[in-house]
Amino acid sequence: MEQRRSFIKDLLQSTEVDREVNAKGWVRTKRGNKQVAFVALNDGSTINNIQVVVDMANFDENLIKDITTGASLSVTGTLVKSMGQGQSVEIQAKEIEIYGTADSETYPLQKKGHSLEFLREIAHLRFRTNTFGAVFRIRHAMAFAIHNYFNDRNFYYLHTPIVTGSDAEGAGEMFRVSTFEPGKEPKTEEGKIDYTEDFFGKETNLTVSGQLEAELGATALSNVYTFGPTFRAENSNTPRHLAEFWMIEPEMAFYDIHDDMDLAEDMLKYLVKYALDNCIDDLKFLENRLIEEEKSKPQNERSEMPLIEKLQFILNDDFVRLTYTEAVDILKNSKPAKKGKFQFPVEWGIDLQSEHERYLVEKHFKKPVILIDYPRDIKAFYMKQNDDGKTVRAMDILFPGIGEIIGGSQREENYDKLSARIKEMGIPEKDMWWYLETRKFGTVPHSGFGLGFERLVLFVTGMSNIRDVIPFPRTPKNAEF
RNA sequence: UCCUCAGUAGCUCAGUUGGUUAGAGCACCUGACUGUUAAUCAGGGGGUCGUAGGUUCAAAUCCUACCUGGGGAGCCA
């Protein structure tokens with residue numbers, strides 16, 4: 001009788017031995033001698049492999065030859081207590097079927113470790129490594145936990161459009177969406193491209209944010225969130241930026257900026273705790289990988305604490321909350337400022353530079369920091385204006401090593417103030433009529449924020465390049481796979 | 001986009017002030033070994049030194065441009 005396939009994760013936890021089982025997966029390593037071979041098999045259900053013991057006497061020599069790193073197998077045999085050290089159970093193979101061989105001369109993955117840069121060039125195969133297996137299992141867990149978190153708190157998952165007709169958000173350069181043939185665009189009498197002839201009858205782009213649409217949902221459903229792809233055509237070449245990334249944007253009616261911060265902090269802690277509770281094997285692996293990697297670095301470039309401790313540390317303490325103005329005072333009185341070490345001098349009104357944020361988070365407070373009440377001139381039009389006439393109710397959450405992980409604000413709900421600000425900033429009012437109408441009819445105080453999903457995964461996995469926490473990174477000059 | 005560092009075997013890297021036939025570890029192939037743990041041991045094959053020019057008797061090594069990648073900055077999530 002055909003044995004039903006078990007996941008390796010379940011087999012490894014099983015105490016029920018001396019029974020026939022079937023496992024399917026990919027070979028990580030094979031070792032042994034003329035009498036017996038040991039095959040480490042992995043099926044992605046866990047970072048751990050199951051050891052398949054092959055008594056050479058029972059199998060065709062050519063079959064065993066084809067079992068090389070990367071080959072895919074179905075193994076039927078007896079789950080037994082391991083005779084060797086290093087694992088509690090193993091499969092004594094009775095039957096082995098090879099689905100696909102992997103020519104050892106040309107298969108790019110080896111038993112030994114590869115650099116992340118090399119693996120990025122073979123992103124179609126990197127899932128098969130321990131590191132990327134761990135990263136993408138954790139990425140899944142975080143996505144799942146986000147839906148859990150919101151579902152448990154009366155939030156509705158709102159699907160905002162990927163193709164948008166408004167370019168008012170001002171969140172960055174956009175990718176145009178058009179069905180015009182390049183070079184053959186119809187022209188108006190003035191010689192400009194005539195978008196009324198285009199598929200949507202107007203100029204359209206890929207979304208840079210679902211926030212404005214989410215606000216519309218929140219003014220009826222109370223609490224909504226979006227979780228979808230976001231596109232920015234910025235020529236950003238850093239380990240923290242992607243042209244295509246995923247963003248979570250909750251939007252809550254009747255929330256002020258303090259409720260907004262409470263939610264953001266609670267959610268981040270929930271997600272970190274979820275990873276610790278559900279992904280500990282993968283986290284342990286990533287922690288060790290990091291320790292190994294940092295051995296070759298000088299002392300001062302190594303992390304201050306191991307990954308798991310760093311995650312636990314986030315849970316234990318409240319995030320520091322202070323105003324932009326207070327932060328500027330701290331920076332002005334800081335050692336680096338007095339010694340002229342900052343490349344950019346600190347002055348009230350400037351947008352804080354990376355070096356300033358890093359000082360606050362990594363040197364001064366040594367914990368996550370939430371900054372609020374930024375100068376209105378450096379923030380978006382929709383943020384609620386404070387009574388001082390100078391600042392807005394914005395909040396940024398800064399994480400060590402990541403920088404801004406969340407950016408949010410209380411929204412301006414006053415029609416007159418909002419439309420005045422739109423005019424002031426030269427945003428085409430005719431494109432914003434629908435947004436403004438939510439302030440005309442039954443307006444409510446409301447708030448929201450945007451969480452960069454990859455930045456979250458970056459923090460939780462301890463990886464250092466954002467291109468290694470999304471399966472197929474899209475960056476300037478790179479859309480391979 | 002700017003600054004900076006790098007590109008040598010399938011992978012990771014060494015290669016001195018320019019000087020014979022460019023090396024190592026791992027991987028791969030062959031062989032040995034009765035239970036291995038990224039197995040071990042012995043042997044073997046494997047290179048247009050990122051690309052294109054230039055300097056020189058002579059270039060992996062020096063110069064210029066370009067390409068690719070890392071790190072930092074800006075833009076931001």
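A, B, ... follow the sequence lines: proteins, then strands. Residue 1 opens every chain. Heavy-atom basis, side chains included; hydrogens, waters and symmetry copies ignored.
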Round to the nearest Å and state the distance from A:R31 atom CZ to B:A27 atom P. 13 Å
Kindly indicate, with the supporting measurements, whether the criterion side chain to side chain donor-acceptor pair (under 3.5 Å) is fulfilled by A:N223 and A:Y255. CA-CA 10 Å; A:N223 295 337; A:Y255 267 51; 4.8 Å; no
If you assign each of A:E121 and A:S115 to its closest nucleotide in RNA chain B, which residue comes earlier from the 5' end? A:S115
Which part of the nucleic acid, if any, lies within contact of A:L456, taking any heavy atom under 4.0 Å across all strands shown: a base, the sugar-phosphate backbone alone, or nothing? nothing
Can you tell me which residue among A:T46, A:I50, A:V89 is in a side-chain contact (heavy atoms from CB on, under 4.5 Å) with A:L11? A:I50
Check every strand shown and say whether A:Q110 touches a base, only sugar-phosphate, or nothing at a heavy-atom separation below 4.0 Å. base
Which part of the nucleic acid, if any, lies within reach of A:R120 when heavy atoms closer than 4.0 Å are counted: base, sugar-phosphate only, or nothing? sugar-phosphate
Using the C1' atom on both, measure B:U61 against B:G18 and round to a whole Å. 6 Å
Using Watson-Crick or G-U wobble geometry with both distances below 3.5 Å, tell me the partner of B:U1, or none. B:A73
Under 4.0 Å, counting only non-hydrogen atoms across every strand here, what does A:G450 touch: a base, just sugar-phosphate, or nothing? sugar-phosphate
Checking only heavy atoms, does the side chain of A:Q87 share a donor-acceptor pair with the base of B:U36 at less than 3.5 Å? yes
Length of the line joining A:E234:CD and B:C2:P, which is rounded to integer Å: 16 Å
Pairing partner (Watson-Crick or G-U wobble, both distances under 3.5 angstrom) of B:G7: B:C67
Does atom CZ of A:F175 have more than 12 heavy-atom neighbours from other groups under 6.0 Å away? yes
Please confirm whether any donor atom in the side chain of A:N33 sits under 3.5 Å from an acceptor in the base of B:U36, or the reverse. no
For atom CD of A:E173 and atom P of B:C76, their distance in whole Å: 11 Å
Pull out every residue in residues 363-370 of chain A that has a heavy atom closer than 4.0 Å to any atom of RNA chain B, ordered by number, or say none. none
From CG of A:L352 over to C1' of B:A73, roughly how many Å is that when rounded to an integer? 15 Å
Just how far, in rounded Å, is P of B:G74 from CD of A:Q343? 8 Å
Reckon A:K477 has a side-chain N or O less than 4.0 Å from the OP1 or OP2 of B:U68? no
With rounding to the closest Å, how many angstrom separate the P atoms on B:C28 and B:C5? 37 Å
So, is A:Q85 near the phosphate of B:G35, with a side-chain N or O under 4.0 Å from OP1 or OP2? no
I'd like to know whether the aromatic ring centres of A:F472 and A:F127 sit less than 6.0 Å apart in this structure. yes
Could you tell me whether A:E244 contacts a base, only the sugar-phosphate backbone, or nothing, with contacts defined as non-hydrogen atoms closer than 4.0 Å? nothing
Write down the distance between CD1 (A:I350) and P (B:A73), rounded to a whole number of angstrom. 15 Å
Charged N to carboxylate O under 4.0 angstrom, A:E424 versus A:R421? yes
Roughly, in whole Å, what's the span from CD in A:E480 to C1' in B:G69? 15 Å
Determine which nucleotide pairs with B:C57, using a 3.5 Å limit on both distances of a Watson-Crick or G-U wobble pair. B:G19
Taking atom C1' in both B:C11 and B:G69, compute the distance separating them and give it to the nearest angstrom. 15 Å
Sugar-phosphate, base or nothing in reach of A:N237, heavy atoms under 4.0 Å: base
Is it true that A:D43 and A:K24 have a side-chain N and a carboxylate O under 4.0 angstrom from each other? no
Rounded to the nearest 0.5 Å, how far apart are OG1 of A:T131 and NE2 of A:H114? 10.5 Å
Heavy atoms under 4.0 Å, any strand shown: does A:E249 hit a base, just sugar-phosphate, or nothing? nothing
Could you list by number each residue of residues 64-82 of chain A showing a heavy-atom separation from RNA chain B of less than 4.0 Å, or answer none if no residue does? A:S82
Nearest to the A:N465 side chain among B:G70, B:C11, B:A73, which nucleotide is it? B:G70
When the nearest nucleotide of RNA chain B is assigned to A:F344 and to A:N478 on a heavy-atom basis, which residue is associated with the more 5' position? A:N478
In whole angstrom, give the distance that lies between atom CZ of A:F231 and atom P of B:C75. 23 Å
Identified pairing partner of B:U30, criterion: Watson-Crick or G-U wobble below 3.5 Å: B:A42
Is there a donor N/O on one and an acceptor N/O on the other, under 3.5 Å, for the side chain of A:Q51 and the base of B:U36? yes
Are the side chain of A:E454 and the backbone N or O of A:W246 linked by a donor-acceptor pair below 3.5 Å? yes
May A:F38 be described as stacking on the base of B:G35, applying a 5.5 Å centroid limit and a 30° limit on plane angle? no
Please report the distance separating the P of B:G47 from the corresponding atom of B:G23, rounded so that it comes out in whole Å. 13 Å
Is any NZ, NE, NH1 or NH2 atom of the basic residue among A:D396 and A:K379 found under 4.0 Å from an Asp or Glu carboxylate oxygen of the other? yes
For B:A6 and B:A42, measure between their C1' atoms and round to the nearest Å. 37 Å
Side chain of A:V36 - closest among B:G70, B:G35, B:A77: B:G35
Tell me what A:F118 touches on the nucleic acid: a base, only sugar-phosphate, or nothing, going by heavy atoms under 4.0 Å. sugar-phosphate
Give one of base, sugar-phosphate or nothing for A:P476, where a contact means two heavy atoms less than 4.0 Å apart. nothing
CG of A:D282 to CG of A:N130, rounded to nearest 0.5 Å, is 9.0 Å
How far, in whole Å, is B:U21 from B:G25 if one measures between their P atoms? 23 Å
When we call it a touch if two heavy atoms are under 4.0 Å apart, what does A:S236 touch: a base, just sugar-phosphate, or nothing? base
Check A:R139 against A:V469 and note the closest heavy-atom contact, atom names and distance. NH1-O, 2.8 Å
A:R232 has its side chain closest, among B:C76, B:G69, B:G74, to B:C76
Using a cut-off of 4.0 Å on non-hydrogen atoms, how would the nucleic acid contact of A:L242 be classed: base, sugar-phosphate, or nothing? base
Would you say A:T238 reaches B:G74's phosphate, i.e. side-chain N/O to OP1/OP2 under 4.0 Å? no
CZ of A:F155 to CD1 of A:I146, rounded to nearest 0.5 Å, is 12.5 Å
Are A:F150 and A:Y157 an aromatic pair, judged by ring center distance below 6.0 Å? no
Contact class for A:M83 (heavy atom, under 4.0 Å): base, sugar-phosphate, or nothing? base
Does A:R455 put a side-chain nitrogen or oxygen below 4.0 Å from OP1 or OP2 of B:C76? no
So what does A:E355 touch, heavy atoms closer than 4.0 Å: a base, only the sugar-phosphate, or nothing? nothing
Given the side-chain rings of A:F342 and A:H356, with only the six-membered ring counted for Trp, is the space between their centroids under 6.0 Å? yes
When all nucleic acid strands are considered with a 4.0 Å heavy-atom cut-off, which category describes A:E454: base, sugar-phosphate, or nothing? nothing
Is there a donor on the side chain of A:H241 or the base of B:C76 sitting less than 3.5 Å from an acceptor on the other? yes
